[in-house]
Amino acid sequence: MEASALVALTLLLGALVILVALAVVRRKEEIREETEQAAEFAAEGSVAKGAAPKKQKQEKQRSRKDKASQHTFSHPLLAASLKGHSGNVTCLDFSSNGKYLASCADDRTVRIWSTKDFLEREHKCLRANVELDHATLVRFSPDSRAFITWLANGDSIRIFKMTKKDDGTLSFKAAAEDFPQKHKAPILNIGIAETGKFIMSASTDTIIHIWDLKGEVLASINTNQITNSYAAISPCGRFVASCGFTPDVKVWEVCFGKGGEFKEVARAFDLKGHSAGVHAFAFSNDSHRMVTVSKDGTWKLWNTDVEYKKQQDPYLLKTVPCASSEGSRVALSPDGRVVAISDGSNVALYNAASGELEEEMHGVHSEEINDLRFDVSGRFVACSGDKAIRVFHNAPGYRAAIRDMQDMLKKAQNEGMKQRLQQQIKEAQSALDTVLAAPVD
């Protein structure tokens with residue numbers, strides 16, 4: 001009896017010691033988080049306007065809870081982890097001038113990050129509030145002076161204008177009216193043509209709407225793919241493409257007259273070759289290459305620089321086995337040299353020419369990756385999947401550029417050309433060495 005009582009007392013004391021230790025550790029963590037949060041709010045103070053002390057206190061308490069559950073990740077190629085959202089990030093977009101990265105989350109904000117801060121210790125951002133709703137998608141305008149969002153509850157497009165203030169920061173103003181509701185199924189993607197002539201929205205049924213900039217529907221496309229899994233506008237602004245349950249990717253040209261008036265949406269060409277439905281696709285910056293990733297366990301690289309009006313079909317350049325799953329995303333570097341594919345919370349980087357798998361990043365986010373994009377310079381590839389945004393150095397891009405220049409050097413006959421190539425190879429190698437030697441964020 002005494003022995004069992006002693007054992008019970010020992011267990012009780014042990015449990016108490018563990019509880020005290022956990023409480024001490026938790027309090028230290030809370031103090032650390034409070035210090036970090038105070039620094040964050042001090043940095044954001046110049047941007048946020050009219051926030052009452054009570055509201056700030058509530059936001060701090062909420063952020064403390066969110067931070068405690070944030071996913072930790074490190075990798076030699078990780079350039080930055082952008083942390084500012086208190087909700088899960090759902091979409092990313094780089095501005096065409098290369099200066100900004102936009103992100104939206106279910107915390108009712110859109111954040112605008114400066115790309116020049118990616119390699120700094122602190123990553124400042126400006127915040128645009130989405131009133132009475134939250135954005136699930138965000139896309140910059142061609143002039144980088146506005147962005148459009150898709151509203152989760154409003155099921156419509158809202159335009160925000162960006163204005164530079166005297167102190168150099170940006171202010172954001174929503175348009176007086178949102179676009180009308182037209183889609184009957186959940187939205188997949190939105191975009192603005194680089195020409196500035198039209199906006200696209202696509203839903204999970206088979207519908208794509210083409211809008212003018214004032215919110216009038218110019219045309220509607222039925223993709224006839226049973227369901228859509230992805231749709232996008234080409235970087236050149238001429239084409240709209242979609243993929244889905246069927247094993248092909250369909251591409252249309254949005255045609256305008258010489259005076260800028262809308263004429264029609266005409267079928268351009270198809271990408272045929274996969275044996276199962278296509279998860280997603282991406283264009284190179286000049287729209288001359290496309291990459292597709294499919295349920296058949298492959299990605300394919302296509303040459304789309306064809307005269308389709310003369311019945312020329314795109315032709316297949318490469319087929320490579322890969323890991324993919326429902327929701328996989330694919331990105332093609334602006335120069336077409338690197339293919340990035342997400343599979344769950346993992347990212348793989350391939351050399352586009354050889355198909356060689358060069359880099360793998362596992363467990364990048366705590367949840368499935370929902371967006372994957374290269375910046376316009378091709379130096380970085382960014383992804384989202386939880387409250388943080390991961391930005392990686394595009395090391396395979398540097399290697400591919402060096403190999404291409406070395407091949408050109410072997411064929412060069414002009415001495416001036418040889419010297420220029422040697423200098424460019426030296427600079428590219430130096431940049432790659434700096435990337436590989438950089439400390440992990």
Side-chain angles (χ1 to χ4, degrees), residues 74-80 94 96-99 101 115-120 235 282-291 293 299-305 316-322 330-342 346-362 364 372-383 390-441:
S74 64
H75 189 276
L77 294 183
L78 183 64
F94 284 99
S96 57
N97 65 6
K99 293 182 179 180
L101 169 66
T115 56
K116 69 179 182 181
D117 291 340
F118 283 174
L119 302 182
E120 303 297 328
F283 291 89
S284 62
N285 202 45
D286 59 8
S287 304
H288 290 174
R289 295 285 187 276
M290 286 182 71
V291 62
V293 60
W299 63 262
K300 293 179 182 287
L301 183 68
W302 310 79
N303 184 333
T304 52
D305 183 21
L316 183 63
L317 298 173
K318 184 73 63 176
T319 299
V320 180
C322 70
V330 62
L332 185 58
S333 62
D335 59 12
R337 287 188 171 114
V338 181
V339 174
I341 295 174
S342 71
N346 307 323
V347 176
L349 299 179
Y350 295 84
N351 179 288
S354 68
E356 180 185 353
L357 174 61
E358 292 206 12
E359 300 288 348
E360 286 185 282
M361 289 78 89
H362 295 281
V364 178
L372 181 66
R373 294 185 174 273
F374 285 92
D375 77 311
V376 294
S377 71
R379 292 174 59 204
F380 301 107
V381 58
C383 59
R390 309 291 184 199
V391 181
F392 294 94
H393 293 286
N394 180 18
Y398 286 104
R399 296 189 194 109
I402 291 169
R403 282 193 291 266
D404 287 350
M405 287 188 289
Q406 286 172 338
D407 289 341
M408 290 171 66
L409 182 61
K410 292 175 185 176
K411 299 173 184 177
Q413 297 179 347
N414 182 287
E415 192 60 35
M417 175 66 77
K418 288 181 180 179
Q419 290 179 359
R420 282 194 296 274
L421 284 168
Q422 287 169 343
Q423 182 61 30
Q424 289 171 352
I425 291 169
K426 183 179 178 181
E427 290 171 357
Q429 187 63 54
S430 176
L432 177 60
D433 293 342
T434 301
V435 163
L436 297 177
V440 179
D441 191 343

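Because only heavy atoms are used, hydrogens play no part in the values below, and waters and symmetry mates are left out as well, while side chains stay in.
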Name the atoms and distances for all side-chain donor-acceptor pairs under 3.5 Å in residues 392-417, with sequence neighbours left out.
unit_1, atom_1, unit_2, atom_2, d
Asn394, OD1, Gly397, N, 3.1
Asn394, ND2, Gly378, O, 2.8
Arg399, NH1, Glu358, OE1, 2.9
Arg399, NH1, Glu359, OE2, 3.4
Arg399, NH2, Glu359, OE2, 2.9
Arg403, NH2, Glu358, OE2, 3.0
Asp404, OD2, Arg337, NE, 2.7
Asp404, OD2, Arg337, NH2, 3.2
Asn414, OD1, Gly416, N, 2.7
Asn414, OD1, Met417, N, 3.0

Just to verify, what does [X] make a side chain to side chain donor-acceptor pair (under 3.5 Å) with, not counting sequence neighbours?
X: Glu427; answer: Gln423
X: Thr304; answer: none
X: Asn285; answer: none
X: Ser354; answer: Asn351

Taking all non-hydrogen atoms of both residues, which atom of [X] and which atom of [Y] are closest, and how far apart?
X: Leu301; Y: Ala352; result: CD2-O, 3.7 Å
X: Pro235; Y: Ser287; result: CD-OG, 3.4 Å
X: Ala282; Y: Ala331; result: CB-CA, 3.9 Å
X: Pro321; Y: Tyr350; result: O-OH, 3.9 Å
X: Val347; Y: Cys383; result: CG2-SG, 4.3 Å

Is any side-chain heavy atom of [Y] closer than 4.5 Å to one of [X]?
X: Val291; Y: Lys318; result: no
X: Phe118; Y: Leu101; result: yes
X: Trp299; Y: Leu332; result: no
X: Leu421; Y: Lys418; result: no
X: Leu357; Y: Leu349; result: no

**Message:** Can you list everything that forms a salt bridge (Lys or Arg N to Asp or Glu O under 4.0 Å) with Asp375? Sequence neighbours excluded, please.
**Reply:** none
Separation between [atom1] of [X] and [atom2] of [Y], rounded to the nearest 0.5 Å:
X: Ile341; Y: Cys322; atom1: CD1; atom2: SG; result: 4.0 Å
X: Ile425; Y: Arg420; atom1: CD1; atom2: CZ; result: 13.0 Å
X: Arg379; Y: Ser333; atom1: CZ; atom2: OG; result: 14.5 Å
X: Leu316; Y: Asn303; atom1: CG; atom2: CG; result: 10.5 Å

**Request:** State whether the side chain of Thr434 and the backbone N or O of Ser430 hold a donor-acceptor pair below 3.5 Å, judged by distance alone.
**Result:** yes
**Message:** side-chain contact (heavy atoms from CB on, under 4.5 Å), that's the test. Do Leu119 and Phe380 meet it? Break it down for me.
**Reply:** CA-CA 11 Å; Leu119 302 182; Phe380 301 107; 4.0 Å; yes
